[in-house]
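When a ligand or atom number is given, it counts from 1 through the structure's own listing order.
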Amino acid sequence: MLPDLLPRPPAISMAEYRQRRIALLAQLPDNAAVVLPGASLVTRSRDSEFAFRQNSDFYYLTGLREPDGLLVLLPGRAEGESVVFCQDRDPALEAWTGRRLGAAGVVAEHGVDQAFENADRDEQLGTLLAGRELLYLPLDSGEAVAIAEEALHTAQAGLKRGRPALKGWLDISPLIHAMRLIKSDAEIALIRHAALISAHAHRRAMRASRPGLSEFQLQAELEHEFVWQGASGPAYSTIVGSGANACVLHYIENNAPLRDDGLVLIDAGAEFELYAGDITRTFPVTGQFSDAQRALYQVVLDAQVRAVSAVQPGATLADIHQGVVHDLTAGLIELGLLEGDVQARIDDESYRRFYLHSTSHWLGLDVHDVGTYRLDEQTPQPLTPGMVLTVEPGLYIPSDADIPDAYRGIGIRIEDNVVVTVDGHDVLTEDVPKQVAEIEALMAK
Ligand code: GLY
Ligand code: MN
Ligand code: MN
């Protein structure tokens with residue numbers, strides 16, 4: 001192993017990807033077909049592209065990381081139910097951009113039943129879809145809808161030759177997203193690793209913090225650690241908000257100097273093997289909380305710790321959020337930032353001046369991962385083993401005239417990543433401190 005490199009979990013096996021396709025196929029009627037395009041390269045400027053990021057649903061079902069793929073699932077097809085279209089082999093191009101798997105490589109390395117190169121796509125796709133009556137596709141994909149429209153067109157021509165008509169199309173996304181909501185052991189190991197890298201990066205930023213640095217220099221510490229550990233980079237734009245910038249929920253300018261009397265809020269997570277970590281910590285630039293900072297921080301921390309402890313099978317994110325709202329509101333009243341009765345301030349929503357986001361979201365291949373939050377209008381999704389979520393309460397105090405000076409412009413959020421287990425939960429982000437004394441001790445080193 002390389003020096004300083006954290007031990008890595010194994011990649012997800014070809015067998016697991018195959019199992020996922022089989023599980024999805026089993027939910028479809030015999031006359032159906034799934035059409036699921038992968039992502040393409042996106043131009044950043046002129047001849048330069050953004051780093052390629054595969055579409056998460058496509059990746060979940062194939063493990064394939066090349067651009068311009070297309071997965072077609074055909075229940076009951078004798079020659080094979082899983083077909084992938086992929087980039088053409090092209091030695092001249094591959095000299096510039098590297099090896100392409102080609103059809104044979106995709107079958108060998110990804111275990112699909114059959115693969116074709118994109119040069120053959122129009123012809124082969126027409127044959128594969130002929131006679132299928134229901135198309136399942138991601139309805140938010142213009143490319144998939146265009147393929148379905150073409151198939152409809154072809155099918156109408158085919159109808160004259162006595163084939164069954166294409167009856168219409170349905171959204172495949174809810175079926176895939178329900179599967180993605182429950183993570184396998186192999187997926188949890190990868191998320192755990194993304195979280196571990198993220199935790200190391202946060203510790204590194206805490207140790208580096210001092211007045212006079214700029215926010216982007218802490219961003220550099222974090223992202224150095226991500227890449228050093230073999231992550232592809234950040235799973236989302238790194239937020240380093242010092243002072244009142246911490247109150248801007250999606251602050252990504254990261255260009256202000258760190259002041260010696262302020263806190264800094266860092267929301268940053270690594271992407272490892274396409275899985276996201278998502279950690280927020282808030283700490284004093286100098287390593288020492290002031291009394292007002294500590295008092296507010298403790299309110300958020302107590303709410304966060306209680307919320308994490310509530311994660312278990314059968315609990316709901318709605319209940320956990322309600323608990324957080326209660327605890328934060330009670331804390332705000334105790335500090336004099338709200339007045340009166342806790343329930344009254346919850347009912348009139350005056351707490352929302354200081355806390356306006358929700359407490360949790362799913363975490364996985366996407367940082368705001370897919371999966372439903374409600375079974376229906378009234379019924380929140382109960383937590384089940386294998387779900388992975390964040391717990392991230394915060395308080396954001398505006399710099400308004402009616403706010404006591406000591407609290408103005410303080411923004412605090414504390415975010416951990418948590419797996420639901422059979423008998424409770426497992427916190428994946430414990431390697432970065434959140435208790436006041438632990439943070440002060442780490443930063444004093
Ligand atoms: N970093 C985005 C979030 O915490 O939801
Ligand atoms: Mn976050
Ligand atoms: Mn989050």
A.B. asks: Considering only heavy atoms from C-beta outward, does the side chain of Q304 approach that of K434 to under 4.5 Å?
C.D. replies: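 Side-chain contact under 4.5 Å: yes.
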A.B. asks: Ignoring hydrogens and angles, tell me if any N or O in the side chain of S198 forms a donor-acceptor pair with the backbone of A270 under 3.5 Å.
C.D. replies: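 Indeed, once roles are kept as given, a pair shorter than 3.5 Å links the two residues.
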A.B. asks: For the Mn ion (ligand 3), which N, O or S atom of H361 is at the shortest distance?
C.D. replies: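 Closest N, O or S atom of H361 to the Mn ion (ligand 3): NE2.
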A.B. asks: Taking the Mn ion (ligand 2) as the center, what protein N, O or S atoms are found at less than 2.8 Å?
C.D. replies: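 Within the sphere that stays under 2.8 Å of the Mn ion (ligand 2), the protein atoms of type N, O or S are D267 OD1, D267 OD2, D278 OD1, E415 OE1.
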A.B. asks: Give a yes or no on this: more than 12 heavy atoms of other residues, nucleotides or ligands lie within 6.0 Å of atom CG of D400.
C.D. replies: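 Counting other residues, nucleotides and ligands, CG of D400 exceeds 12 neighbours.
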A.B. asks: Against V420, only a single residue in I182, D426, T384, L389 fulfils side chain to side chain contact (heavy atoms under 4.5 Å, CB included); can you say which?
C.D. replies: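 Of I182, D426, T384, L389, side chain to side chain contact (heavy atoms under 4.5 Å, CB included) with V420 is met by L389 alone.
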A.B. asks: Any side-chain to backbone donor/acceptor pair from T372 onto L375? Under 3.5 Å, distance only.
C.D. replies: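 No, the answer is negative, given that no donor and acceptor are paired below the 3.5 Å cut-off.
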A.B. asks: Could you tell me whether the side chains of H357 and Y396 share a donor-acceptor contact shorter than 3.5 Å?
C.D. replies: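 A donor-acceptor contact under 3.5 Å links the two side chains.
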A.B. asks: Does M443 reach the side chain of S209, with side-chain heavy atoms less than 4.5 Å apart?
C.D. replies: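 Yes, close enough: below the 4.5 Å cut-off.
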A.B. asks: Which protein residues have a heavy atom under 4.0 Å from ligand 1?
C.D. replies: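 Residues near ligand 1: Y236, D267, D278, H361, H368, E392, E415.
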A.B. asks: Please say whether the positively charged group of R65, taken as NZ for Lys or CZ for Arg, lies over the ring of F52, i.e. under 6.0 angstrom from the six-membered ring centre and within 45 degrees of the axis.
C.D. replies: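 Judged by the rule, R65 and F52 form no cation-pi pair.
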A.B. asks: Do P37 and F58 touch side chain to side chain, with heavy atoms closer than 4.5 Å?
C.D. replies: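 P37 does not reach F58 side chain to side chain.
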A.B. asks: Is the ring pair Y17/Y59 parallel, tilted or perpendicular, if the boundaries are 30 and 60 degrees?
C.D. replies: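 If you compare the ring of Y17 with that of Y59, the planes turn out perpendicular.
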